[in-house]
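For the single chain, residues carry numbers from 1 onward in sequence order. What you see is a predicted model, and the numbers here were worked out from it, not measured in a lab. For ligands, and for the atoms within them, numbers begin at 1 and follow the listed sequence.
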Amino acid sequence: MSITKILTDKLSAAFAECGYSAELGTVVTSDRPDLCQFQCNGAFAGAKLYHKAPRMIAADAAAKLEGDADLEKVEVVGAGFINITVSDEFLLGYVKQALADENLGIPQAEKPETVVLDYGGPNVAKPLHIGHLRSAVIGEALKRLVRATGRKTISDVHLGDWGLQMGLVMAELQERHPEWACFAEDFDAENFAGVDLDAESLNVIYPFASAKSKENDDFKQKARAVTAKLQKGDPGYTALWREIIRISVADMKKNYENLNVDFDYWYGESDAEKYVPELLDVLNEKGLLHESQGAMVVDVAEESDKITIPPVIIKKSDNSNIYATTDLATLIQREHDFKPDQIWYIVDARQGLHFTQVFRCAKKAGLVPEEVTLAHIGYGTMNGADGKPYKTREGGVMRLADFYNTVYEAALERVSASNFSKDADREDIARKITVATIKFGDLVNYCMKDYVFDMDKFMAPDGKTGSFLLYTIARINSILKKAEGAGEQFDSSAVYTDSERDLLLKISLSGEAFALAYREKAPSVICENAYQLASAFSKFYHDNHILTEEDADKKRAWLNICAAVRTVLEKHLDVLGIEPVEMM
Ligand code: ARG
């Protein structure tokens, strides 16, 4: 149970004993950490209910808590605030118990819900670029956060593998390699040996074909025709399409692996195709589908709308399916295969209208039960120093791989400049710093906000950065190494200094930070808490001379805290998808 919940229960019982509503007993962390650790402001709500001065109500409740050994101080201050400080024994006991818990005191869901997370969303045959970064980073962190709170997760990359981009690439390949077996009239799928193609050439072909289609109408028509043939199951194009997916996905996996991002399913939009007939049936049966300017649409506007929500288009006038059709059909697949309680889409905030339409249509049509949560977690853009979406120096679209390498080079330079022992695996350390820099720099911001990527700031070893957290853990590693493993077993029975007490309090409140981050779907809460914890550790480290302390009990207690901070910080990093380093 969280520490504020334990205290809330105590206060609620005290209010109830005095004949007041137990609901007045809500305890929160203190606004004034210099005065107390926790506070309860319930007496003010009580004043309205019982027409009594809040101070009197607070004093009644506080009197009931006298003699509670868990509480060091319960004080009524001002007009009726109750300030609470817990006893050191209670604090130590709480920390000990949280550390012994496999979930480190993170409150676990009562019902182990299943949450599907749809993130990544790359498009086959188009190079992964900087625009794909945030979905991957935020989605991965949310997945880990959902798991940390005791829920099951299913992650699906939801590849864009079915649209015109496939036709463009295949039409261009056909012009360049008309001799390929897959283009022959008498194509024999059984004996297809594949094609001579790699990710690098695919990455250049798409931009080329896309530009060509804008100038050359014949080519554009051809690409459309190829797309249509693919979607109808033409064997030659299907075989080539599979090859392209295979090559492209292998390349994507490398990029995602570099960032510690992975998926349970590599489904694509094409996998939803077989559910489209069912989608159309359901929409028809419910009388939701109607014609509008040649297209088939479903109305999703609601009376309370402040902006116009246009109907969602299911079939265009040329009878082709579009993005919304795919997302709706995918919902049928997810309901069918996974029966999820929630589905979270981590997609650029600019797609907000699309998701509003899709979610409303899905609920209207009953594609998922009413109680299933469908959430779009939108995010802003990562910008360059000029405040515009991050670009290459030449002003082009930045490839994700190039971005990663730029940060990696800078990290390696830093690592090389520091005086590690020779056997340190510098490349491994640089890799971890790279991930920490990119991810923490992103996740520390509230998702919806745009932010400016500033390499020097994001990689700095002090400040609110990933490096600072890695550095804190490395410092603890070094302390514990010198102390030869002492501290691993938390068995302290006294608290000696204020900075130590503050740190114990931060440790004991960390579980609640995870619960809050989950409720708000906000990894930034984890970043902030990790930073607070690491900062409290710095203060503790400077105030107490751990390794030279002569009092053996004191020294052991401090080493205990070092080990505890490391464990708890590593949990934060794990949820953020960042790996710690041994030394730094
Ligand atoms: N491929 C899409 C894009 O590039 C993103 C997919 C997001 N997920 C979804 N279920 N719509 O914009």
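At least one heavy atom of Tyr323 sits closer than 4.0 Å to an atom of ligand 1.
At a 3.5 angstrom cut-off on N or O pairs, Asp327 counts as close to ligand 1. Inclusion of Gly121 in the set of residues having an N or O under 3.5 Å from an N or O of ligand 1 is warranted. Ligand 1 has an N or O atom lying under 3.5 Å from an N or O atom of Asn123, backbone or side chain.
Taking every heavy atom of Asp118 and a limit of under 4.0 angstrom, the matching atoms of ligand 1 come to 8 (N), 9 (C), 10 (N). The atoms of ligand 1 that sit less than 4.0 Å from any heavy atom of Val347 are 7 (C), 8 (N). Numbered from 1 in the order shown, with element, the atoms of ligand 1 that lie under 4.0 Å from a heavy atom of Tyr345 read 10 (N).
Using a distance-only test at 3.5 Å, with no hydrogens or angles considered, a donor-acceptor pair links the side chain of Lys439 to the main chain of Gly577.
The only member of Gln174, Glu179, Glu172 that meets side chain to side chain donor-acceptor pair (under 3.5 Å) when paired with Arg176 is Glu172.
Arg399 and Tyr404 are not linked by any side-chain donor-acceptor pair at a separation below 3.5 angstrom, with hydrogens and angles left out of the test. A side-chain donor from one of Asp198 and Ser201 sits under 3.5 Å from a side-chain acceptor of the other. Looking only at atom types and distance, the side chain of Tyr119 has a donor-acceptor partner in the side chain of Lys143 under 3.5 Å away. Neither side chain, Glu273 nor Gln231, offers a donor N or O lying under 3.5 Å from an acceptor on the other.
By the 4.5 Å heavy-atom criterion applied to side chains, Tyr518 and Arg151 are counted as neighbours.
Given atom 12 (O) of ligand 1, the protein heavy atom at minimum distance is Gln351 NE2, 2.9 Å.
At a 4.0 Å heavy-atom cut-off, ligand 1 touches Phe355 through the side chain alone.
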